[in-house]
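Note that the coordinates shown come from a computational prediction; the quantities given were computed from them, not determined experimentally. Atoms within each ligand, like the ligands themselves, are counted from 1 in listed order.
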Amino acid sequence: MNLDNPYILLTPGPLSTSPTVRQAMLRDWCTWDDDYNLGIVTPIREGLVKLATQIAPEQYTAVLMQGSGTFSVEAMIGSTVPRGGKLLVLANGEYGNRLGRIAITLGIETLIHDSGELAPPELAKLDAALAADPSIGHVVVVHNETTTGMLNPLAEIARIVKGHGRIFLVDSMSAFGGIPLDVAELGIDFLVSSANKCIQGVPGFGFVIARISELENSKDRSRSVSLDLYDQWQGMEKGKGKWRFTSPTHVVRAFAQAMKELDEEGGVAARFARYTENQRRLVVGMERLGFRCILPHELHSPIITGFHDPESSEYDFKKFYDLLKEKGFVIYPGKVTGIDSFRIGTIGHVFPEDIDRLILAIESARYWVSGF
Ligand SMILES: *Cc1c(COP(=O)(O)O)cnc(C)c1O
């Protein structure tokens with residue numbers, strides 16, 4: 001059986017996985033057997049806590065949740081903000097806006113500080129809002145805003161939120177496992193990510209790293225049965241790794257392999273170094289070809305990079321996309337309002353040599369997509 005892919009995904013999830021991660025899916029598992037619950041699910045939960053904090057792992061737990069990453073975001077918000085509670089959302093892109101939409105849909109009183117897609121959150125405004133309004137109990141922000149690739153200043157935001165004694169929620173979907181952090185050091189209470197981002201598993205579930213003392217306060221707060229984080233946690237604790245409802249067994253088994261491969265690579269620090277080198281080569285190469293980044297370099301994460309479309313009127317994204325796909329690379333359309341752009345992700349089973357090959361492919365595609 002040929003396990004090679006016809007192209008690599010330079011998209012920020014799902015992303016390219018290793019052949020060994022895909023291979024790990026090729027058997028079935030019984031969801032009430034110890035082989036699965038104690039042998040696979042429990043070590044994953046413990047391993048995720050270790051990835052999230054070295055200084056206080058005993059204060060945190062990991063709850064796995066079926067669905068794509070957004071389901072876990074919705075579980076986190078809908079299960080932690082109490083009835084009558086108020087949530088402040090820091091938004092600077094599509095995913096930040098989604099946090100706000102989730103909260104409003106759930107009927108949560110929501111205050112949105114939108115700093116626009118090209119600017120980081122306004123820290124002084126956050127500080128003032130928390131000082132002025134003690135009813136804001138929870139604050140949520142996206143770690144790496146995948147719309148632009150902006151790395152939001154998590155430590156500074158955490159200092160303000162925790163300085164005011166509020167609960168701090170983070171959507172670290174596209175950063176966790178690829179950008180070093182310690183949830184206990186920062187004082188993060190809940191953090192979400194999913195199987196198919198920097199840990200390099202396949203899509204099918206998300207997870208929430210939760211401060212146990214705060215999760216205990218979340219009993220009966222959920223606005224949903226299937227997305228009840230507290231109940232899911234209790235189920236996994238009492239059932240020793242058992243999921244309340246059908247678990248995505250093959251995806252979970254692949255994730256265990258992905259965790260092992262993250263460890264073998266040298267952990268989060270080594271993965272961060274690889275992604276950083278991928279992104280550095282991408283930007284150097286693209287700028288050499290005359291492309292311009294949307295964000296200033298200093299606001300950038302190593303996860304994904306947005307580029308302005310070439311100015312030529314003959315440029316056509318679809319044509320560019322198809323030519324690159326033929327050469328083995330899939331890129332991503334842009335998402336920034338009012339700017340014609342495209343994005344290239346640098347995470348997944350993708351290496352600096354792949355980026356060098358991509359730059360060569362773009363250089364020759366450029367010749368065929370005439371005019372730039
Ligand atoms: C990928 C991503 C999500 C979740 O997306 P799903 O499509 O639901 O998996 C949420 N937030 C951010 C920042 C992301 O990058």
Determine whether the side chain, the backbone, both or neither of Asn144 has a heavy atom under 4.0 Å from any heavy atom of ligand 1.
backbone

Among non-hydrogen protein atoms, atom 13 (C) of ligand 1 lies closest to Thr146 OG1, 3.3 Å

What is the nearest protein non-hydrogen atom to atom 9 (O) of ligand 1, stated with its residue, atom name and distance?
Gly69 N, 3.0 Å

Under-4.0 Å heavy-atom contact with ligand 1, by part of Thr70 that carries it:
both

Please say whether more than 12 non-hydrogen atoms of neighbouring residues, nucleotides or ligands are located less than 6.0 Å from CD in Glu58.
yes

Are the aromatic rings of Phe342 and Tyr321 close, with centres under 6.0 Å apart?
no

Stepwise salt bridge (charged side-chain N to carboxylate O under 4.0 Å, His left out) test for Asp263 and Lys260:
CA-CA 5 Å; Asp263 188 50; Lys260 182 167 169 266; over 6 Å; no

Residue-ligand contact His143/ligand 1, heavy atom below 4.0 Å:
no

Using a heavy-atom cut-off of under 4.0 Å, does the side chain or the backbone of Glu145 touch ligand 1, or both, or neither?
neither

Which protein heavy atom lies closest to atom 1 (C) of ligand 1, and at what distance to 0.1 Å?
Lys197 NZ, 1.4 Å

Heavy atom of Asp171 under 4.0 Å from ligand 1?
yes

Looking only at the side chains, is there a donor atom on one of Glu214 and Thr80 sitting less than 3.5 Å from an acceptor on the other?
no

